[in-house]
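Read the numbers this way: they start at 1 and go in the same order the structure lists the ligands and their atoms.
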Amino acid sequence: MSELMNLKIDERFLTRVYRSERVVEIAEAFGIGLDEKEFVVYDGLDLPVKKGDVIYITGQSGGGKSVLLRNLAKQFSAMPGERVVNLDQIELDDSAALIDLIGSDTTDALRLLNAVGITDAFVYLRKPSELSDGQRYRFRMAKAIETGATVWCCDEFLAILDRTSAKIIAYSLQKVARRHGATLIVATTHTDLTRDLGPDLVVNKRFREKVLVERIEEAAARCAERTVTREELQSWIEEFTP
Ligand SMILES: Nc1ncnc2c1ncn2[C@@H]1O[C@H](COP(=O)(O)OP(=O)(O)OP(=O)(O)O)[C@@H](O)[C@H]1O
């Protein structure tokens with residue numbers, strides 16, 4: 001069982017703007033000073049994290065989700081033995097069929113594709129550009145497994161999918177990540193994925209330094225022990241979420 005770590009999140013930016021005529025006009029109209037300013041996004045936030053956690057970062061647009069995701073990815077990369085992959089940045093070669101783009105041989109390719117729920121022979125023969133957004137996401141998951149990375153992160157998580165598909169894929173992703181012992185960190189403005197991700201840690205970031213951090217241990221621990229059905233996960237989240 002992994003130990004609880006306390007990761008310190010401190011993120012602030014110094015902002016200074018070029019004093020163009022329009023900038024000065026706006027500053028005068030709204031009474032905004034134009035000196036160099038410090039913009040604090042996270043003021044030494046303590047984040048209780050375990051390796052292998054599913055971390056769900058939500059909150060308002062511009063609140064600081066991406067900043068936190070990048071910070072965590074950086075902190076994990078610096079830990080011995082940890083390797084971070086960004087699911088969105090996995091390059092997909094579009095010159096061949098899926099079966100040729102993954103795994104050391106056909107058996108290995110089938111193992112990886114089946115692990116993420118790609119089980120249709122017709123889909124094995126398609127190129128990445130010929131997949132639906134959901135299928136392409138599953139293929140990225142398979143590629144993430146293949147990299148052997150220990151931390152999988154994803155910004156704007158499933159934002160382009162309809163919400164029903166997003167929930168089904170979120171459930172699959174947590175299952176695959178937990179089965180491989182990977183830490184999963186996702187960020188999105190959508191707050192509807194708790195019941196499908198079964199997160200160990202939820203961070204809800206609002207403007208300025210306002211942030212809610214909550215560990216939902218019970219349901220997550222059960223998911224880590226064995227593969228649970230979507231229905232089980234959903235009922236436990238309801239039971240254990242205050
Ligand atoms: N390099 C930077 N310099 C100055 N400010 C920055 C920088 N990067 C981010 N910010 C500011 O930090 C805040 C948080 O940005 P972030 O990209 O994390 O938001 P977000 O919650 O991911 O938003 P969205 O959902 O719109 O992607 C924003 O106000 C942004 O303008």
Side-chain angles (χ1 to χ4, degrees), residues 5-20 22-27 29-49 53-78 82 84-90 133-134 136-137 140-141 144 149 151-167 169-170 173-174 177 183-197 199-216:
M5 305 178 278
N6 183 32
L7 300 186
K8 186 69 93 185
I9 314 293
D10 204 75
E11 288 281 358
R12 51 196 75 224
F13 300 100
L14 280 178
T15 54
R16 182 192 284 167
V17 67
Y18 171 70
R19 292 173 189 236
S20 68
R22 291 182 191 182
V23 165
V24 172
E25 246 177 279
I26 292 292
F30 291 91
I32 304 170
L34 284 177
D35 295 337
E36 189 171 72
K37 281 199 192 66
E38 191 182 54
F39 176 62
V40 179
V41 188
Y42 292 95
D43 188 17
L45 172 72
D46 290 313
L47 215 54
V49 173
D53 269 357
V54 171
I55 303 172
Y56 183 24
I57 305 168
T58 67
Q60 288 156 310
S61 184
K65 299 179 296 297
S66 307
V67 166
L68 177 57
L69 186 93
R70 285 198 294 271
N71 181 302
L72 288 174
K74 200 166 158 197
Q75 294 205 45
F76 269 102
S77 314
E82 297 294 320
V84 178
V85 67
N86 188 327
L87 284 171
D88 298 312
Q89 286 167 7
I90 294 174
D133 289 326
R136 200 162 28 250
Y137 211 87
R140 286 180 185 282
M141 282 155 51
V151 180
W152 305 353
C153 53
C154 186
D155 203 356
E156 309 293 345
F157 179 56
L158 304 174
I160 54 166
L161 293 190
D162 69 86
R163 300 320 294 160
T164 305
S165 305
K167 288 174 187 186
I169 292 182
L173 182 59
Q174 64 76 28
T183 305
L184 176 66
I185 312 172
V186 301
T188 170
T189 47
H190 293 284
T191 53
D192 58 355
L193 298 176
T194 310
R195 285 155 48 106
D196 294 283
L197 279 172
D200 298 80
L201 181 68
V202 180
V203 182
N204 187 293
K205 179 64 172 68
R206 309 185 78 77
F207 284 117
R208 298 289 164 189
E209 290 106 280
K210 282 190 199 146
V211 58
L212 289 172
V213 176
E214 187 183 6
R215 282 198 70 84
I216 313 177

Asn86 meets the side chain to side chain donor-acceptor pair (under 3.5 Å) criterion, sequence neighbours left out, with none
Can you list the residues that meet the side chain to side chain donor-acceptor pair (under 3.5 Å) rule with Arg215, with sequence neighbours excluded? Asp53, Glu217
Any idea how Tyr137 and Phe157 line up, ring-wise: parallel (<30°), tilted (30 to 60°), or perpendicular (>60°)? perpendicular
Rounded to the nearest 0.5 Å, how far does CG of Leu193 lie from OG1 of Thr58? 9.5 Å
State the CZ-OG1 distance between Phe76 and Thr183, to the nearest 0.5 angstrom. 4.5 Å
By side-chain contact (heavy atoms from CB on, under 4.5 Å), Arg136 pairs with (sequence neighbours left out) Leu92, Leu131, Asp133
First-shell residues of ligand 1 [heavy atom, distance under 4.0 Å]: Phe13, Phe39, Val41, Gln60, Ser61, Gly62, Gly63, Gly64, Lys65, Ser66, Val67, Glu156, Thr189
